[in-house]
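Below is one structure; the comments refer to it alone.
This chain uses plain numbering: 1 for the first residue, then up along the sequence.
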Amino acid sequence: MSQESLDGWFDGEDGESDDTDAPADGNGGTGEFPRRCLSFTVRGPWGHFRRVEGNIVKQTYRIIPRTTVAGLLAAVLGIGRDEYYGLFAPDTSAVAIEPVRELRTLNMPMNTLSTANESMQSLNSRGKLSMKLPDPTKPRQQHNYEVLVEPAYRIDVALADDARYRELRSHLEAGTSHYVPSLGLSEHLAQLDYHGEFAIEPRTNDDTVSVDSAVPNAVDSVIPEPETRCQVEESPAFMAADAGGRTTRSFTAYAYNPDTGPLSVRGISAATVDGRTVVFV
């Protein structure tokens, strides 16, 4: 996969090259804003983004993790597992996440079959093409899943790889994808509503700003306000391939309003996208 340098971020189709602005963001990224991003809403009737901790009850993150956004977009682009982490690395991508529907959950018991090797059954094992499926004669295991009800997030994404950026834009415009998009689990199908391509306008000299997106890595900068709820959760942000498959390299702590709506934040680097104020990571 070819990877453009940051100097080439968001050259226009007319070939005009734009420099990036470089405010200190303090959000774990490069401190630079690209010029343009693609914006879409991902939504569905159900969602589950399993938290890395816990085992008995499979709890979910409320904010779709950045790593899940990367996997979702890799599915749209048709990139295989463990092959897209460089595309969404800290210095080659920027993502802002805004919950646009009230975040609520319920517990849902599910009967599942084990996918451990000893419980898998080979089909056509002597043929050129074979596959393994869970043995349906084995007893089911019941797990209690915490699932999101009708989750919806507005996603703004910029990529340094210009070819992939244009390819993603074409898919979003046409409403196509290589693999079926989902919200965490494969049975939680997702719909992507494309809003368009927008300029990213850095906000400067703002002491306090009203942020529409979830606020990454600035929990101490959120100004508490009556009648506005604020919750915090930490989720995986970046991954890298290794000999065993993949490893989470860093996490992001998001502050967010579970009822949707902005949070007042002091002293951060934010940007305006399509009339909204967001923070990228």
Side-chain angles (χ1 to χ4, degrees), residues 1-42 64 66-67 69-70 72-74 76-77 79 84-98 100 153-175 192-207 209-218 237-238 250 252 254 262 265 267-281:
M1 177 181 66
S2 64
Q3 194 78 32
E4 307 256 338
S5 72
L6 282 175
D7 293 337
W9 273 63
F10 310 109
D11 291 350
E13 289 187 333
D14 56 2
E16 181 182 356
S17 178
D18 293 329
D19 295 328
T20 54
D21 295 317
D25 64 2
N27 300 325
T30 62
E32 297 179 333
F33 282 116
R35 289 288 186 181
R36 303 176 194 172
C37 67
L38 305 174
S39 186
F40 65 95
T41 293
V42 55
I64 181 172
R66 193 188 193 280
T67 50
V69 173
L72 174 74
L73 296 178
V76 171
L77 292 167
I79 307 174
Y84 59 86
Y85 308 135
L87 182 64
F88 295 94
D91 56 347
T92 58
S93 65
V95 175
I97 302 170
E98 176 188 351
V100 294
Y153 307 91
R154 176 93 178 248
I155 307 293
D156 303 300
V157 57
L159 300 175
D161 187 320
D162 193 54
R164 285 296 192 188
Y165 179 86
R166 293 168 191 266
E167 185 182 355
L168 178 61
R169 182 177 59 192
S170 297
H171 277 294
L172 292 174
E173 287 175 341
L192 275 58
D193 301 319
Y194 182 53
H195 302 297
E197 184 177 28
F198 299 98
I200 299 176
E201 302 170 1
R203 298 187 59 143
T204 57
N205 301 322
D206 288 332
D207 180 38
V209 62
S210 183
V211 179
D212 295 289
S213 70
V215 182
N217 299 327
F238 299 100
S250 65
T252 294
Y254 284 105
V265 190
I268 63 167
S269 292
T272 299
V273 175
D274 189 26
R276 303 150 41 243
T277 300
V278 302
V279 180
F280 286 93
V281 66

Exercise for review: Would you indicate whether the side-chain heavy atoms of Tyr254 and Asn217 approach each other to under 4.5 Å?
Suggested key: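 Sidechains of Tyr254 and Asn217: no contact.
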
Review point. Yes or no on side-chain contact (heavy atoms from CB on, under 4.5 Å) for Leu159 and Phe88, after CA distance, side-chain angles and deciding distance?
Key: CA-CA 7 Å; Leu159 300 175; Phe88 295 94; 3.7 Å; yes

Minimum heavy-atom separation for [X] to [Y], with atom names?
{"X": "Ala158", "Y": "Tyr165", "result": "CA-CE1, 4.5 Å"}
{"X": "Ser39", "Y": "Arg276", "result": "OG-NH1, 4.1 Å"}
{"X": "Ala218", "Y": "Val215", "result": "CB-CG1, 3.8 Å"}
{"X": "Phe280", "Y": "Cys37", "result": "CZ-SG, 4.4 Å"}
{"X": "Ile79", "Y": "Tyr84", "result": "CG2-CB, 3.8 Å"}
{"X": "Arg66", "Y": "Ala89", "result": "NH2-O, 4.5 Å"}

Exercise for review: Decide side-chain contact (heavy atoms from CB on, under 4.5 Å) for Val211 and Val278; before the verdict, give the C-alpha distance in whole Å, the side-chain angles of both, and the deciding distance to 0.1 Å.
Suggested key: CA-CA 6 Å; Val211 179; Val278 302; 5.7 Å; no

Point to revise | Electrostatic pair Asp274:Arg154 at N-O distance under 4.0 angstrom | key: yes

Practice item. Begin from the C-alpha positions of Asp156 and Leu38 and carry the test side-chain contact (heavy atoms from CB on, under 4.5 Å) through to its verdict. Key: CA-CA 6 Å; Asp156 303 300; Leu38 305 174; over 6 Å; no

Practice item. Using atom types as modelled and distance alone, determine if a side-chain donor or acceptor of Ser213 lies under 3.5 Å from a backbone N or O of Val279. Key: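 Confirmed, Ser213 side chain pairs with Val279 backbone.
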
Practice item. Begin from the C-alpha positions of Thr277 and Arg203 and carry the test side-chain hydrogen bond (donor to acceptor under 3.5 Å, both in side chains) through to its verdict. Key: CA-CA 9 Å; Thr277 300; Arg203 298 187 59 143; 3.0 Å; yes

Practice item. Using the side-chain contact (heavy atoms from CB on, under 4.5 Å) rule, take Leu192 and Thr41 through it: C-alpha gap first, then chi angles, then the decisive distance, then the call. Key: CA-CA 6 Å; Leu192 275 58; Thr41 293; over 6 Å; no

Study note, to complete from the structure: Taken to the nearest 0.5 Å, the spacing of Arg164 CZ from Thr92 OG1 works out to 12.5 Å

